[in-house]
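After the structure tokens below, expect a handful of questions from me.
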Amino acid sequence: MKPALATLALVPFLAASCATVSPGGNQSRATQQESSRSNISLLVGQRSMSDSSDWSPTDDQTMVELGFATPVSDWPVGLEATLSHSKDSSGGFKGETTEGSVGARKTWDVTDGNVHPYVGLGLSWIKAKFSGLGLSDDDTSLAGYAHGGAYYDLTSDWHVGADLRLLFGSDITLFGTNGDADYTQFGIFVGYSF
């Protein structure tokens with residue numbers, strides 16, 4: 001999915017998240033519980049590599065991500081960590097990335113107690129690999145990431161949502177050519193709070 005389409009697909013979730021956030025003293029019991037719970041999520045989506053000339057014809061990669069987020073007592077933000085893998089094959093070429101990230105995450109509780117917008121920022125370690133014509137090369141890099149989205153409570157424990165993520169500042173050398181593994185990513189996820 002191209003970045004513009006990903007942004008448009010996220011609009012309904014962002015619109016819902018722009019509703020008034022209730023003051024701390026007026027939060028419902030359910031909302032207070034949600035804001036103090038950890039959650040795990042499984043996300044699937046599309047990762048579009050920013051420099052398509054480095055990754056063509058494998059620059060639009062299908063991805064899967066496992067995420068974990070938890071609040072931290074007396075901190076205004078919580079912590080998050082993810083593991084993800086993406087790949088695409090075309091015309092005898094294969095491009096793929098494997099990524100681990102850690103960072104800070106802020107989740108808000110919206111008035112109705114069912115919608116939870118969030119933003120996150122942190123550091124990633126990404127391994128990029130490209131192969132074709134009987135050759136293969138890979139490299140790793142540190143990078144920064146930023147993402148945001150929202151999720152909706154289906155039950156007291158289960159939720160669904162959408163996420164838009166950017167990776168920036170990576171430095172990858174494949175087959176002697178300097179490039180990057182920066183991307184724009186859009187995905188949908190199902191999560192469990194505990």
Go through the steps for Arg37 and Ser156 under the test side-chain hydrogen bond (donor to acceptor under 3.5 Å, both in side chains), then give the verdict. CA-CA 11 Å; Arg37 299 173 77 191; Ser156 59; 5.4 Å; no
Please identify which of these residues, Lys129, Lys127, Arg47, meets the side chain to side chain donor-acceptor pair (under 3.5 Å) condition with Thr97.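 Of all the options given, the one that passes is Arg47.
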Might you work through the side chain to side chain contact (heavy atoms under 4.5 Å, CB included) test for Tyr151 and Val115, ending with a clear yes or no? CA-CA 6 Å; Tyr151 61 90; Val115 178; over 6 Å; no
Could you list the donor-acceptor pairs under 3.5 angstrom formed between side-chain atoms of residues 140-147 and any protein atom two or more places apart in sequence or on another chain?
unit_1, atom_1, unit_2, atom_2, d
Ser141, OG, Asp171, N, 2.9
Tyr145, OH, Glu80, OE2, 2.7
Tyr145, OH, Gly103, N, 3.4
His147, ND1, Asp163, OD1, 2.7
His147, NE2, Glu80, OE1, 3.0
His147, NE2, Glu80, OE2, 2.9

State the CG-CZ distance between Leu133 and Phe175, to the nearest 0.5 angstrom.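 One finds 8.5 Å between CG of Leu133 and CZ of Phe175.
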Nearest 0.5 Å please: distance from the CE atom of Met49 over to the CG atom of Asp51. 9.0 Å
Is it the case that one hydrophobic cluster holds both Phe93 and Leu174, taking links as side-chain heavy atoms less than 4.5 Å apart, direct or via other members? yes
Cluster link Ile172 to Phe168, ILVMFWY, side chain under 4.5 Å: no
In residues 61-75, what donor-acceptor pairs under 3.5 Å come from side-chain atoms, sequence neighbours left out?
unit_1, atom_1, unit_2, atom_2, d
Gln61, OE1, Ser86, OG, 2.5
Gln61, NE2, Thr58, O, 3.2
Thr70, OG1, Ser38, OG, 2.6

Atom pair CG/CG of Asp157 and Asn39 - distance to nearest 0.5 Å: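 Rounded to the nearest 0.5 Å, the CG-CG separation comes out at 11.0 Å.
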Does Val110 reach the side chain of Pro117, with side-chain heavy atoms less than 4.5 Å apart?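 Yes, side chains in contact.
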Would you say Ser124's side chain and Ile126's backbone share a donor-acceptor pair under 3.5 angstrom? no
State yes or no: do Trp125 and Phe130 share one hydrophobic cluster built from I, L, V, M, F, W and Y residues joined by side-chain heavy-atom distances below 4.5 Å, directly or via other members? no
Is the side chain of Ser170 donor-acceptor paired with the backbone N or O of Asp182 at a distance under 3.5 Å, no angle test?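 Yes.
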Polar side chain donor-acceptor pair, His116 to Thr107, under 3.5 angstrom: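 Per modelled atom types, His116 and Thr107 side chains form no pair under 3.5 Å.
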Enter the distance from Glu99:CD to Ser84:OG here, rounded to the nearest 0.5 Å.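 Output value for this atom pair is 4.0 Å.
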For Asp137, enumerate each residue passing the salt bridge (charged side-chain N to carboxylate O under 4.0 Å, His left out) test, keeping only those at least two apart in sequence or located in another chain.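 Checked Asp137 against salt bridge (charged side-chain N to carboxylate O under 4.0 Å, His left out); zero matches.
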Can you sort out the partners of Ser90 under side chain to side chain contact (heavy atoms under 4.5 Å, CB included), two or more places apart, ordered by chain and number?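 Ser90 satisfies side chain to side chain contact (heavy atoms under 4.5 Å, CB included) with Pro57 only.
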Pairing donors with acceptors under 3.5 angstrom, does anything connect the side chains of Asn114 and His159? no
For Tyr192, which residues count as a ring pair (Phe, Tyr, Trp, His ring centres under 6.0 Å) partner, sequence neighbours excluded?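 Testing Tyr192 for ring pair (Phe, Tyr, Trp, His ring centres under 6.0 Å), a comparison that skips the adjacent residues, returns Trp158.
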Interatomic spacing from CD1 in Ile40 to OG in Ser193 - rounded to 0.5 Å: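 If we round to the nearest 0.5 Å, Ile40:CD1 and Ser193:OG are 9.0 Å apart.
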Please determine whether residues Tyr118 and Leu123 belong to a single hydrophobic cluster, defined as Ile, Leu, Val, Met, Phe, Trp and Tyr linked transitively by side-chain heavy-atom distances below 4.5 Å.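 The answer is no; the residues belong to distinct hydrophobic clusters.
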Holding to salt bridge (charged side-chain N to carboxylate O under 4.0 Å, His left out), I want the full list of residues that pass it with Lys87, two or more places apart in sequence or in another chain.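 Lys87: no salt bridge (charged side-chain N to carboxylate O under 4.0 Å, His left out) contacts found.
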Among side-chain atoms of Gln46 and Tyr183, is any donor-acceptor pair under 3.5 angstrom?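 No - no donor-acceptor pair under 3.5 Å links their side chains.
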If we ignore hydrogens and angles and just use 3.5 Å, is the side chain of Trp55 paired with the main-chain N or O of Asp180 as donor and acceptor?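 Checking the backbone N and O of Asp180 against the side chain of Trp55, a donor-acceptor pair under 3.5 Å is found.
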Partner of Gln185 under side chain to side chain contact (heavy atoms under 4.5 Å, CB included), chosen from Leu166, Leu43, Leu167: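 By the side chain to side chain contact (heavy atoms under 4.5 Å, CB included) criterion, Gln185 pairs with just one of Leu166, Leu43, Leu167: Leu43.
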Is it possible for you to say whether Trp108 and Val77 belong to one hydrophobic cluster, with membership spreading through side-chain heavy-atom contacts below 4.5 Å?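 Each belongs to a different hydrophobic cluster.
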Candidate list Asp60, Thr184, Asp59, test side chain to side chain donor-acceptor pair (under 3.5 Å), partner Ser48, passing option: Asp60
